[in-house]
Amino acid sequence: MYDIHDEKVLILDFGSQYTQLIARRIRESRVYCEIHPCTVDMEFIRDFGARGIILSGSPFSVHDEGAPSIPLEIFELGLPVLGICYGMQLMCHLLGGSVEHGDEREYGLSHIDVTDSAAILAGFGPEDHSPVWMSHGDRLEKLPSGFSVMATSENSPFAAMRHEDKPFYGVQFHPEVVHTPRGREILDNFLFDVCGLEPKWTMGSFIASTIEDVKKQVGDGKVICGLSGGVDSSVVALLLHKALGDKLTCIFVDNGVLRKGEAQSVVRTFRDHYHMNLVHVDASELFLEKLAGVTDPETKRKIIGNEFIYLFEREAEKLGGDVDFLAQGTLYPDVIESVSFKGPSATIKSHHNVGGLPDKMNLKLVEPLRELFKDEVREVGRELGLVEEILERHPFPGPGLAIRIIGEVTKERLDILREADAIVREEIAAGGLQNVVWQVLCVLLPVKSVGVMGDERTYENVAAVRSVNSLDGMTADWSKIPYEILGRISNRIINEVRGINRVVYDISSKPPATIEWE
């Protein structure tokens, strides 16, 4: 059986906005990789057992005070190392070369001329004049001893470099972004030709190895799984049911901030269709009491996260007190966004699965999807036979409609948003866009506007509709929904939902905006 621990790549993060994309591209090439902060020590790096190391970009200059760095011992491990942008500059700086502020900065599209079609640039010719994406202010002025130039650009005499005897490489541009059309080739050359890896990272191999890992972790213990009916928790439930059978009990909590008809659908699917042990807890009044008067989104997330855990522990005790583990659908983007590295990366927001956990809890966590991106989770679900209705369900946050109501969460505002949200989803499906757009949602804004209905003045709520296209949620662009569909959504909401008299469409991309409003 393929073991991900045998063949993997370590990505050291220096705070680049593109670091997650490096991981995405490597995973897409069927090679396992993990991102860790550049501040990890040499003991961790040695124990990690990587077949290759990638140094990410960074917003820093190597000359900045407090600029992130790495131990020189990394270059003594005998492992292939690829430096990208800042990673290349740092490699040059540490190994004796010269990095200076460039006379002209390079941001955006540029072109490289390849002078050495070896190793990572195998297949590139001097006549290609390949487009690449640059994002740097510094540039290399002198290569370290033993290094030679592989490519140049208009403003970079050393757009790519390699060591003549050791497997050390650097590129001044970003091969991981789509704006570098042949970037995949460069990364694949590093993975397969330089590191000697094989494209064996598949969801089938992941399922097999994860089942074994879960069995070892749980042993004779019992597990409860927080089931929401979304893709993530549903895949966790199916995966653990396959691994543990009756040792698993799923707990579905109706927290009062679910979408229309969602509670009934979840119970019907998992209790009746998959025949799982399922406990249905109606805690809607409890959650609404806890959320009363709360307007801060981070506080909402913490409250909901805490209440979930407390309810799980209470239900575990009801099951006989012999439950030791709590399973969650935490994903890799949750981990990346929620955990502030001890380096340049910044916390964007906490997730109920990660940052919203109480400081003390009596259950140990089982998080089998913690290292997966969203599209990989769908692949796992497909392999496990998850029903299409859930498999293609758009992402829905753990805090539910609570973070789609800007401001205080009340029953009245929830009822208004539920109806509007249902209309949005119905019209997107009717327009044939359910599997075209990545996520669609409706947000109730904390403002009212003047309107006219039946010759009478109204002063009611504003709803914002948001639809985005994305691969994994790390970046997203707003969907170009046909006007006629947007028109039907607006017309139906205003006519059918009492309390809303204006509908707007959100055309922000991520970054700089996030997908959810809170």
Side-chain angles (χ1 to χ4, degrees), residues 9-29 31 33 35 38 52-62 67-68 70 80-93 99 102 104-114 119-124 128-140 149-162 168-191 194 336 343-345 373 470-472 474-477 509-512:
V9 171
L10 171 62
I11 302 169
L12 293 179
D13 178 29
F14 296 90
S16 170
Q17 62 179 320
Y18 300 133
T19 302
Q20 293 83 10
L21 289 179
I22 301 173
R24 285 295 315 125
R25 299 298 171 255
I26 293 174
R27 297 280 188 90
E28 287 167 3
S29 292
V31 173
C33 64
I35 299 171
C38 59
I53 296 175
I54 294 179
L55 311 178
S56 84
S58 174
F60 285 84
S61 161
V62 296
I70 52 175
V81 180
L82 171 63
I84 295 176
C85 197
Y86 178 87
M88 175 189 185
Q89 296 166 7
L90 181 63
M91 183 190 300
C92 177
H93 179 67
V99 178
E104 295 185 29
R105 298 183 297 176
E106 280 189 298
Y107 290 102
L109 188 64
S110 184
H111 292 79
I112 59 168
D113 295 307
V114 175
I120 62 170
L121 294 182
F124 287 73
D128 291 340
H129 198 57
S130 297
V132 296
W133 189 258
M134 296 280 193
S135 181
H136 65 96
D138 292 353
R139 71 177 192 177
L140 276 60
V149 63
M150 299 187 74
T152 64
S153 71
E154 184 177 354
N155 294 313
S156 296
F158 307 113
M161 68 176 188
R162 73 178 176 97
F168 302 155
Y169 302 87
V171 291
Q172 186 61 82
F173 51 90
H174 289 274
E176 69 272 25
V177 302
V178 294
H179 307 291
T180 301
R182 298 184 67 183
R184 172 67 64 80
E185 291 180 53
I186 295 171
L187 291 174
D188 282 355
N189 285 339
F190 178 73
L191 297 173
V194 176
I336 294 169
S345 296
F373 288 95
S470 179
L471 177 63
D472 49 37
M474 299 306 299
T475 60
D477 194 14
S509 296
K510 176 186 180 180

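Predicted, not measured: the structure shown is a model, and the values here were computed from it.
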- [ ] Would you give the length of the straight line joining atom SG of C85 to atom CD of Q172, rounded to the nearest 0.5 angstrom?
- [x] 5.0 Å
Open item on the list: For the residue pair R27 and F373, would you count it as a cation-pi contact if the rule is NZ or CZ under 6.0 angstrom from the ring centre and within 45 degrees of the ring axis?
Closed with: no
- [ ] For residues I35 and Q20, report the shortest heavy-atom separation together with the two atoms involved.
- [x] CD1-CA, 3.9 Å
- [ ] Please check if the side chain of S470 supplies one atom and the backbone of T475 the other of a donor-acceptor pair under 3.5 Å.
- [x] yes
Task: Candidate pair I54 and I22, rule side chain to side chain contact (heavy atoms under 4.5 Å, CB included), full reasoning - done: CA-CA 9 Å; I54 294 179; I22 301 173; 4.1 Å; yes
- [ ] Return the orientation label for the Y86 and F14 ring planes: parallel under 30°, perpendicular over 60°, tilted otherwise.
- [x] tilted
TODO: For the residue pair L191 and I26, establish whether any side-chain heavy-atom pair is separated by less than 4.5 Å.
DONE: yes
Task: Minimum side-chain heavy-atom gap I120-M150 below 4.5 Å - done: yes
Task: F168 side chain reached by V194 side chain, heavy atoms, under 4.5 Å - done: no
Task: Exercise: identify the closest heavy-atom pair between F190 and I53 - done: CZ-O, 3.8 Å
Task: R25 to E176 - nearest heavy-atom pair and separation - done: NE-O, 2.9 Å
Task: P131 vs L109 side-chain heavy atoms within contact, under 4.5 Å - done: yes
Task: Ion pair check, E28 and R184, cut-off under 4.0 Å - done: yes
TODO: Kindly determine whether S61 and D138 satisfy side chain to side chain donor-acceptor pair (under 3.5 Å), including the steps that lead there.
DONE: CA-CA 7 Å; S61 161; D138 292 353; 2.6 Å; yes
Task: Backbone of C38 reached by a side-chain donor or acceptor of D13 within 3.5 Å - done: no
Open item on the list: Are the side chains of L12 and I70 in contact, using a 4.5 Å heavy-atom criterion?
Closed with: yes
TODO: Identify the two heavy atoms, one from H111 and one from H129, that lie closest to each other, and give their separation to 0.1 Å.
DONE: CD2-O, 3.1 Å
Task: Inter-residue atom distance S153.OG - F158.CZ, 0.5 Å rounding - done: 11.5 Å
Open item on the list: Side chains of T152 and D113: any donor to acceptor distance under 3.5 Å?
Closed with: no
Open item on the list: Can you confirm whether M134 sits close enough to H174 that some side-chain heavy atom of one is under 4.5 Å from a side-chain heavy atom of the other?
Closed with: no
Open item on the list: How long is the straight-line distance from CE of M88 back to CG of L55, given to the nearest 0.5 Å?
Closed with: 12.0 Å
Task: Interatomic spacing from OG in S156 to CG in L140 - rounded to 0.5 Å - done: 8.5 Å
- [ ] With rounding to the nearest 0.5 Å, note down the distance linking CD1 in I84 to CG in L187.
- [x] 6.0 Å
Open item on the list: Salt bridge or not between R182 and D128? Use side-chain N to carboxylate O under 4.0 Å.
Closed with: yes
- [ ] Considering non-hydrogen atoms only, spot the tightest contact between A151 and V114 and give its length.
- [x] CB-CA, 4.0 Å
Task: Pairwise distance OG(S16) to CD1(I11) - rounded to 0.5 angstrom - done: 11.0 Å
- [ ] Find out whether V171 and I112 are in side-chain contact, i.e. whether some heavy atom of one side chain is under 4.5 Å from a heavy atom of the other.
- [x] no
Task: Beyond-backbone contact of S130 with F124, side-chain heavy atoms, under 4.5 angstrom - done: yes
Open item on the list: Whether the side chain of R162 engages the backbone of Y169 through a donor-acceptor N/O pair (distance < 3.5 Å, no angle test) should be reported.
Closed with: no
TODO: Work out which heavy atom in V99 is nearest to a heavy atom in Q89; give both atom names and the distance.
DONE: CG2-O, 3.4 Å
